[in-house]
Structure formats: structure tokens, C-alpha cells
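Here the structure comes first, spelled out in C-alpha cells, and everything after it is commentary.
All residue numbers refer to positions in the sequence shown, counting from 1. The structure presented is a predicted model; accordingly, all values stated were derived computationally and were not measured. We use all heavy atoms of the structure for the numbers below, so side chains are in, but hydrogens, waters and symmetry mates are not.
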Amino acid sequence: MTATREHPAPTAPPDRCRPPRWSPVELAPPVLVVALGVLLLLPGHGLWFDELFTAEVGRRSLGDILTAIVRGEGVTSYLAGVPPSYNAPYYVVVHAWMSVPGLGGDTSLRVLSLLATAGGLALVTRAVARLGGTATGVLAGLLLAASPLLVLHSVEARSYGLAVLATGATALALVRWLQEPPRGLVLLGLAGAGMGLAHWYAVTVLAAFVVAAVVLRGRRALPVVLVGAVAALPTCLLVGLNVLNGTGSRNAEHLRDTDGRLLGYAVEAWAGGRTPLLFLAVGLAVIGAVRGGGSRGRELRVLGLAWTCVPLLLLAGAEFLRPVYHPRYLLAGLLGLGVLAAAGALAVPRGARGPLAGLLLGCALLASVPLADREPRERADDLVRVLADVQVAGEPVVAADQRSAIGLDHYVRTLAPRLRADLVLPPDDAPADADRVWLVRRVIDGVPEPTDDDEILREAGLRLVDEQGFRGTQTRLVLQRWEAGD
């Protein structure tokens with residue numbers, strides 16, 4: 001039967017209203033970040049303090065981890081004042097990862113972060129592609145994959161990779177909701193909660209996504225507002241737990257007061273301090289905020305602008321109360337800068353798009369090149385290898401401070417188990433009845449960190465006869481040999 005004027009035949013919506021289908025080329029960003037990550041992993045640098053903390057906590061039983069989190073206690077004697085309460089869910093994930101046969105090594109902890117980062121970039125690429133087209137999505141993903149800040153922290157045994165993964169999932173969930181409501185709300189809630197639990201600064205990005213939904217849909221965004229509020233509750237509870245167990249300000253000394261220049265410092269950190277990439281990315285981000293996505297790209301522009309600006313503005317406001325700046329803490333929010341810059345590169349006249357996109361990506365890759373030659377942050381592994389060659393069974397090996405202790409404890413366990421019987425960890429002091437003692441300590445500003453062990457050894461008639469330094473970019477350790485005097 002033919003259609004009549006009163007009963008027209010149904011028609012399919014035009015293709016331009018549908019999100020572009022997934023394309024294999026969208027795998028380019030995760031492949032790039034994995035390739036760059038592998039290059040950074042090849043030198044085999046040892047873990048540094050924060051990563052050693054991850055390894056130390058993750059190998060404990062789940063019950064011990066949860067008890068330490070709730071009570072605000074450390075998991076060992078020398079970490080008594082360093083509980084795993086911050087980013088607590090991350091340690092639960094690490095424990096599960098390390099429980100898999102063959103995945104308990106140092107490299108596997110870094111691979112977990114790298115795989116999570118790659119997954120997050122795949123999700124960001126897809127989200128941007130659905131709003132601005134495949135080319136914009138792939139360029140945004142590649143630009144983020146080459147960002148020095150992201151590349152550096154994609155191979156650290158910390159929670160930033162999981163934060164990127166959760167952020168990408170939340171962005172894709174929001175895009176699904178914008179295009180096919182009510183789809184995406186469940187993922188938005190689950191992934192949004194995961195953002196803040198991976199790193200609580202990422203909850204500012206969740207706020208940015210909610211703001212974007214409200215700007216784009218007005219009152220119809222009420223479901224997103226409610227889901228976003230529920231998703232933020234676990235993060236609020238985690239912060240509250242840290243306040244109650246007395247660890248609320250433990251990391252405050254690592255935060256920097258920028259004197260109102262937080263926005264500039266943040267962008268500089270994203271660009272790895274490279275001026276060409278900085279100015280090019282910021283300039284293109286401005287173009288992306290105005291013209292990105294063309295006439296039908298309002299959703300992309302609003303999302304990118306909110307993603308970039310809301311977290312930075314919230315933290316800039318919080319800085320009036322206390323210092324809040326640390327480059328890696330802002331990683332999830334700075335992903336929005338790459339999205340806007342990619343949109344801007346493809347919003348210029350057609351003939352200039354390819355060269356400009358290539359220039360932008362090239363500058364990002366060049367900014368990341370120095371990371372391939374980076375020095376180890378800490379060399380506790382090298383120190384333990386030397387100790388294993390020179391120490392004679394029965395000679396005490398003493399860790400004088402917390403950082404020395406965690407490095408010794410970890411690498412004696414993994415590289416030189418025979419040293420375990422002679423290892424002395426805080427709060428125990430150096431023994432006073434040995435003829436030779438090996439003392440490992442941290443050096444700050446060229447001076448060994450003060451310790452009671454010096455006086456104990458001197459009173460026992462020992463003197464410092466030799467020392468060997470192990471310099472890292474984050475921590476400098478020194479191995480001292482004390483022997484009885486003539």
C-alpha cells in the first residue's frame with residue numbers, strides 16, 4: 001500500500017544527525033601512548049618512594065589494607081605515619097592486580113597504569129569523535145597521548161592512569177546521554193564515582209561535565225545533576241574519612257602556593273614547559289572554544305570549554321584558602337585543553353588544517369622527547385645491588401630514615417633476600433656491638449638527614465670510613481660504611 005498524504009511513510013533520520021561509527025583509526029591514540037610508555041619503561045629504572053609505597057601496600061592482605069585505611073595507620077613500622085588513606089581504592093585495585101599470578105613485579109605495577117591510560121584515551125577519542133567527527137577525535141587522542149605530563153605519569157605506579165580511564169569513561173557517558181538520552185546515565189554515575197576515588201582532584205572534572213550538561217540542556221539536565229551529585233558522594237566520604245582519621249593534611253607540604261598564577265602553571269605543566277607547544281595549544285584552544293566543530297559543534301565546544309576551565313577555576317578559588325597546586329594532580333582536568341586545541345586545529349580554513357594539526361602533534365612529541373633520557377628518580381635498587389656485593393653476612397645493614405627503609409625493604413626482598421637477616425629498619429636503631437655497620441640514609445640539600453644512629457655508632461667506637469652516593473632526581477641516597485677505630 002502506498003503512503004497517503006494523511007499517513008506519510010516513516011523516514012530514517014539523516015545520517016548527519018547520527019554519531020559517526022567507530023573506526024579502527026581511533027585505536028591510534030592508545031597505541032601511541034603505549035609505544036611511548038614502553039620507551040620510558042625500557043631503561044628499567046627502579047621504583048621511587050611513592051611507587052614503592054604502592055608496592056608495599058599492595059602486597060599486604062586485603063584485610064590489612066582496609067584496616068590501615070580506616071584507622072589512618074601505616075602498614076609497617078617505618079610507615080607508621082603514612083597510612084594508605086589517600087586514593088584508598090587504588091590500593092585495593094593494586095592488591096587485586098598483584099594477586100594475579102605473574103603480575104606481582106615492579107614493571108607490572110607500571111604496566112597497570114599504562115594500560116589504564118591507554119583505555120582512557122580510547123574512550124576520550126570516541127567521545128570527541130561522536131561530537132566533532134572522527135578526525136577531531138583522533139587528533140585529540142593523539143595530542144593527549146603525546147602530552148609530556150600524561151606520558152610521564154602513564155608509567156608511574158600511581159593512580160593517575162586509573163583517573164584517566166575513569167575520566168574517559170565519564171566523558172563518553174555524558175556524550176551518549178547528550179545524543180541518546182537516557183543512555184549513559186548509569187555509566188556516568190559509576191565512572192564519575194571512579195574519577196574521584198582514583199584521585200579526588202578529578203571530582204572537579206565531574207563538576208565540569210555536569211556544568212556542560214546544564215549549559216547544553218538546561219532543565220532537562222536534571223538527571224545528570226542528580227547522578228553527578230550521587231557520584232561525588234564516595235569522594236566526599238573518602239575525604240571525610242581522611243579528616244576523621246587525622247591524615248587530612250598529611251600531603252599538604254607537597255602542594256605549592258602559586259600566588260594566583262595557577263592557570264599559567266597548569267598549562268605550562270601540560271606542555272612540559274615547552275614554550276612553542278604552550279602558545280600553540282593555548283591559541284588553538286581559544287579557536288576551538290569559538291569555532292570548534294563548525295556550525296554543529298556547539299556540544300563539543302561547551303564540553304571542551306567546561307572540561308578545561310571549570311577544574312582550573314575551582315582550584316584557583318580554593319587557593320585563596322590553602323595551597324592546592326601540584327602538576328600531576330591536575331592531569332584529569334588538563335585533558336580538556338588537548339580536546340579544545342584539537343578542535344581548534346581543525347576549525348581553521350581547510351587547506352591549513354593538515355599542516356596545523358601536524359605541527360601541533362609534532363610539538364607535543366618533541367616536548368616529550370626529553371623524557372626518554374630522564375634519570376631515575378631514586379636508586380635504591382642500585383644501592384641494594386652494591387650492598388649484596390660488599391656486605392658480609394652478619395654485618396648490620398641499617399636504614400636511617402623512612403625513605404631509605406622502604407627502598408631497602410623492597411629491594412632486599414626482591415633482589416637480595418640474603419640481606420634480610422642483617423637488615424635493621426626504623427624504629428630500631430643501629431646496633432652498638434658490631435665492628436662494621438652499613439648505614440643507608442637520605443641526603444637533603446647535600447647533608448645527610450639527621451639521625452640518632454650517628455651518635456650510637458660513635459659512642460660504640462665506630463667511625464665513618466667510606467660512603468657512596470646514589471643520586472636520583474627525586475631522592476638522593478648514600479651508603480656509608482662505619483668501622484671500629486684503631
Side-chain angles (χ1 to χ4, degrees), residues 19 119-132 136-137 140-141 144 150 160 162-236 266 285 288-289 292-293 297-318 329-343:
L121 290 186
L123 295 171
V124 170
T125 299
R126 185 59 192 148
V128 176
R130 288 181 64 129
L131 290 180
T136 304
L144 294 176
L150 184 136
Y160 306 108
L162 291 182
V164 172
L165 176 61
T167 301
T170 309
L172 181 58
L174 176 62
V175 171
R176 284 182 173 178
W177 179 84
L178 288 171
Q179 295 177 334
E180 305 168 86
R183 288 190 63 192
L185 282 177
V186 174
L187 179 59
L188 181 69
L190 294 176
M195 290 169 63
L197 292 176
H199 195 280
W200 68 272
Y201 270 46
V203 79
T204 61
V205 184
L206 176 61
F209 291 159
V210 172
V211 168
V214 171
V215 171
L216 290 169
R217 296 293 185 266
R219 294 181 180 179
R220 288 178 291 168
L222 180 60
V224 174
V225 174
L226 296 177
V227 170
V230 172
L233 280 178
T235 304
C236 295
R298 180 170 179 264
E299 292 178 342
L300 176 60
R301 293 192 293 271
V302 171
L303 175 61
L305 195 59
W307 194 343
T308 304
C309 295
V310 171
L312 294 179
L313 291 176
L314 287 174
L315 293 173
Y329 290 3
L330 276 59
L331 178 58
L334 289 172
L335 298 179
L337 178 62
V339 171
L340 273 185

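Counting heavy atoms from C-beta outward, Leu303 and Leu178 have side chains that stay 4.5 Å or more apart. Inter-residue side-chain proximity for Trp307 and Val339 is flagged as met; some heavy-atom pair is nearer than 4.5 Å. Two residues are said to be in side-chain contact when any heavy atoms from C-beta on lie closer than 4.5 Å; Val310 and Val210 fail this criterion. Annotation: side chain of Gln179 is in contact with side chain of Leu131 (closest heavy-atom distance under 4.5 Å). Residues Val215 and Arg298 are in side-chain contact: their nearest non-hydrogen atoms beyond the backbone lie under 4.5 Å apart.
Separation of atoms CD (Glu299) and CG (Leu174) is listed at 9.0 Å; rounding is to 0.5 Å. A distance of 5.0 Å separates CE in Met195 from OG1 in Thr170, rounded to the nearest 0.5 Å. Leu312 contributes atom CG, which lies 6.0 Å from atom CG of Leu334 (distance to the nearest 0.5 angstrom). The CG atom of Leu185 lies 9.5 Å from the CG atom of Leu226; values are rounded to the nearest 0.5 Å. If you take CG on Leu330 and CG on Leu335, they are separated by 11.0 Å, rounding to the nearest 0.5 Å. Between Leu162 atom CG and Thr167 atom OG1 the span is 10.5 Å, to the nearest 0.5 Å.
Nearest heavy-atom pair across Gly119 and Leu165 is C-CD1, 3.7 Å. Closest approach of Leu305 to Ala289, counting heavy atoms only: CD1-CB, 3.8 Å. In this structure, Ala213 and Trp177 approach most closely via the heavy-atom pair CB-CZ3, 4.2 Å. Looking at every heavy atom in both residues, Ala140 comes nearest to Val128 through CB-CG1, 4.3 Å. Contact record, Leu300 with Ala343: CD2-CB, 4.0 Å, taken as the closest heavy-atom pair. For Gly192 against Ala231, the heavy-atom pair with the smallest separation is C-CB, 3.9 Å.
Between Tyr201 and Tyr329, the two ring planes are perpendicular [angle over 60°; tilted spans 30° to 60°].
A donor-acceptor pair under 3.5 Å links the side-chain atoms of Thr308 to the main chain of Gly336, judged by distance alone.
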Audit row: Arg126, Arg176, side chain to side chain contact (heavy atoms under 4.5 Å, CB included) steps and yes/no: CA-CA 10 Å; Arg126 185 59 192 148; Arg176 284 182 173 178; over 6 Å; no
Derivation of the side chain to side chain contact (heavy atoms under 4.5 Å, CB included) call for Thr235 and Leu206: CA-CA 11 Å; Thr235 304; Leu206 176 61; over 6 Å; no
